[in-house]
Amino acid sequence: MTEPAVLFVCLGNICRSPLAEAAFRAEAAKAGLRVTVDSAGTADYHVGEPPDPRAIRTAARFGIDISGYRGRQASAADFDRFTHILAADHSNLRNLERIAPPAHSARLSLLLDLVPGRTGEAVADPWYGDEDGFLVTWKEVSAAARALVAELQA
Ligand code: 4NP
């Protein structure tokens, strides 16, 4: 079996997907799982930028330093590099479907499809709210990260 490679995607790659990447890296490391992990945005607004300060502070509360992450935009080539591409919301999912090459074998779905009882739901964008929203995001992406690690280990 090819080693799993997981890409988390949101709009800006500075709030939700960096937190998902961090949560999944931590869960995979805890489980001793060998996996490639990255995150990207469907938009190019924040290419080259670090995560939002509120996301950096939220990850730090859980002992994880994401200040070195840098924003990048998702591209068609990601469908060849990653086995799993997980979109934070429906708009991200539609945009990924739009750029996907005609033939690819990546599994593309909503991130919360991984969490029992949350199928079809979006990870709400915390960008416009206060810092409490980032904690909600952290809990959601962590639940998805744990579920994906369990699935990849099975
Ligand atoms: P993200 O949040 O998609 O979770 O990274 C956003 C970050 C920036 C913007 C929108 C959403 N923006 O419009 O710049």
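Counting starts at 1 for both ligands and their atoms, following the listed order. Bear in mind the structure is a predicted one, so any value in this text is a computation, not a measurement.
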Compute the shortest N/O to N/O distance between L11 and ligand 1 and return yes if it is under 3.5 Å, no if not. yes

Taking only heavy atoms of I14, which atoms of ligand 1 are found under 4.0 Å from at least one of them? 5 (O), 7 (C), 8 (C)

For Y45, counting its heavy atoms only, list the atoms of ligand 1 lying under 4.0 Å from any of them. 12 (N), 13 (O), 14 (O)

Going only through I, L, V, M, F, W and Y residues with side-chain contacts under 4.5 Å, is there a path from V123 to L110? no

Among non-hydrogen protein atoms, atom 1 (P) of ligand 1 lies closest to C10 SG, 3.5 Å

Answer yes or no: is there an ion pair linking R72 with E21, defined by an N-O contact shorter than 4.0 Å? no

What protein heavy atom is closest to atom 4 (O) of ligand 1, reported as residue, atom name and distance in Å? R16 NE, 2.7 Å

When rounded to the nearest 0.5 Å, the distance separating OG1 of T58 from CD1 of I66 is 8.0 Å

Contact atoms of ligand 1, heavy-atom distance to G12 under 4.0 Å: 1 (P), 3 (O), 5 (O)

Any carboxylate oxygen within less than 4.0 angstrom of a Lys/Arg side-chain nitrogen, looking at E97 and R94? no

Could you walk me through whether D89 and N92 satisfy the side chain to side chain contact (heavy atoms under 4.5 Å, CB included) test, starting with their C-alpha distance in whole Å, then the side-chain angles of each, then the deciding distance to 0.1 Å, before giving a yes or no? CA-CA 5 Å; D89 65 31; N92 308 149; 3.0 Å; yes

Which heavy atom of the protein is the closest neighbour of atom 14 (O) of ligand 1, given with residue, atom name and distance? H46 NE2, 2.8 Å

Give a yes or no on whether Y45 atom OH has more than 12 heavy-atom contacts from other residues, nucleotides or ligands under 6.0 Å away. no

Relative to the heavy atoms of D125, which atoms of ligand 1 are at a distance of less than 4.0 Å? 2 (O), 4 (O), 6 (C), 10 (C), 11 (C)

